[in-house]
Amino acid sequence: GSKIFYERSFLLQCRNSP
Amino acid sequence: STLLSPDALIKHPLQNKWALWFFKNDRTKEWTANLKLVTSFDTVEDFWALYNHVQKASKLPSGCDYSLFKDGIQPMWEDGQNKDGGRWLINLNKQQRHSDLDNFWLETLLCLIGESFEEYSDDVNGAVVNVRNKGDKLSLWTRDATRPDAIMKIGKKLKDSLKIPIKIAIGFQAHTDTMTKTGSTARDRFRV
């Protein structure tokens with residue numbers, strides 16, 4: 001099946017989003 | 001009214017639900033009583049809310065551990081999903097507590113929640129950071145110590161993510177070896 005994965009850069013971007 | 005993109009509205013779901021555990025060494029209590037489940041999460045946003053809230057590993061008193069494991073797996077060899085597995089073990093020297101420990105731990109967490117080990121992500125159970133006076137340790141736990149392809153791929157990706165130089169080798173130890181070791185350290189089944 002399909003897997004949800006996230007790039008490191010995207011995860012770091014989400015750190016400060018409200 | 002302003003239209004908000006779904007991206008701004010919904011939390012980003014993770015492939016797995018993860019649980020953060022905290023261990024504080026209190027010799028007056030039973031070992032298992034010292035192990036506490038902090039909380040579990042399954043979105044990117046909830047991960048950051050937790051990570052930004054808790055104490056940094058480098059600031060923990062000596063004798064403490066953080067563990068992040070897939071929901072349902074306890075951070076101990078005895079767990080049914082750990083007992084046949086093993087761990088990539090990274091030993092840090094005393095100076096590295098201030099220079100590397102927090103970075104190494106965060107990069108490891110991002111690899112776990114982001115499923116960075118691709119087709120071998122299912123082999124990964126979790127990771128542990130042990131804060132110790134004699135030298136901190138970071139380890140990544142896999143569920144089956146007899147799968148060399150998965151273990152080597154995971155070890156290489158871990159070293160790459162933590163920017164550990166090629167010439168510095170890390171070892172993989174099966175938990176059964178660690179449990180029955182006679183000397184101070186168990187033998188390495190794999191190295192990368």
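As a basis for the values below, the full set of heavy atoms in this structure was taken, side chains included, without hydrogen atoms, waters or symmetry mates. Letters go in sequence order (proteins before strands), and every chain restarts at 1.
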For this session: Tell me whether Phe41(B) is reachable from Val124(B) by hopping between hydrophobic residues (I, L, V, M, F, W, Y) whose side-chain heavy atoms are closer than 4.5 Å.
Result: yes
Exercise. Linking I/L/V/M/F/W/Y whenever any side-chain heavy atoms sit under 4.5 Å apart, do Phe172(B) and Leu158(B) land together?
Worked result: yes
Problem set entry | Residues that Ile168(B) engages under side chain to side chain contact (heavy atoms under 4.5 Å, CB included), provided they are two or more places apart | Ile164(B), Pro165(B)
Exercise. Under a single-linkage definition using a 4.5 Å side-chain heavy-atom cutoff for Ile, Leu, Val, Met, Phe, Trp and Tyr, are Leu60(B) and Leu37(B) assigned to the same hydrophobic cluster?
Worked result: no
Exercise. Does atom CD1 of Ile166(B) have more than 12 heavy-atom neighbours from other groups under 6.0 Å away?
Worked result: no
Problem set entry | Leu11(A) to Leu110(B) - nearest heavy-atom pair and separation | CD1-O, 3.7 Å
Exercise. Hey, any chance Val131(B) and Leu162(B) share a hydrophobic cluster, counting ILVMFWY side chains that come within less than 4.5 Å of each other, even indirectly?
Worked result: yes
Using only the distance criterion (under 3.5 Å, no hydrogens considered), which donor-acceptor pairs connect chain A with chain B?
unit_1, atom_1, unit_2, atom_2, d
Lys3(A), NZ, Asp122(B), OD1, 3.2
Lys3(A), NZ, Asp122(B), OD2, 3.2
Ile4(A), N, Gln15(B), OE1, 2.6
Tyr6(A), N, Gly114(B), O, 3.1
Tyr6(A), OH, Pro13(B), O, 2.6
Arg8(A), NE, Glu107(B), OE1, 2.7
Arg8(A), NE, Glu107(B), OE2, 2.9
Arg8(A), NH2, Glu107(B), OE2, 2.7
Leu11(A), O, Trp48(B), NE1, 2.8
Arg15(A), NE, Asn52(B), OD1, 2.9
Arg15(A), NH2, Asn52(B), OD1, 3.0

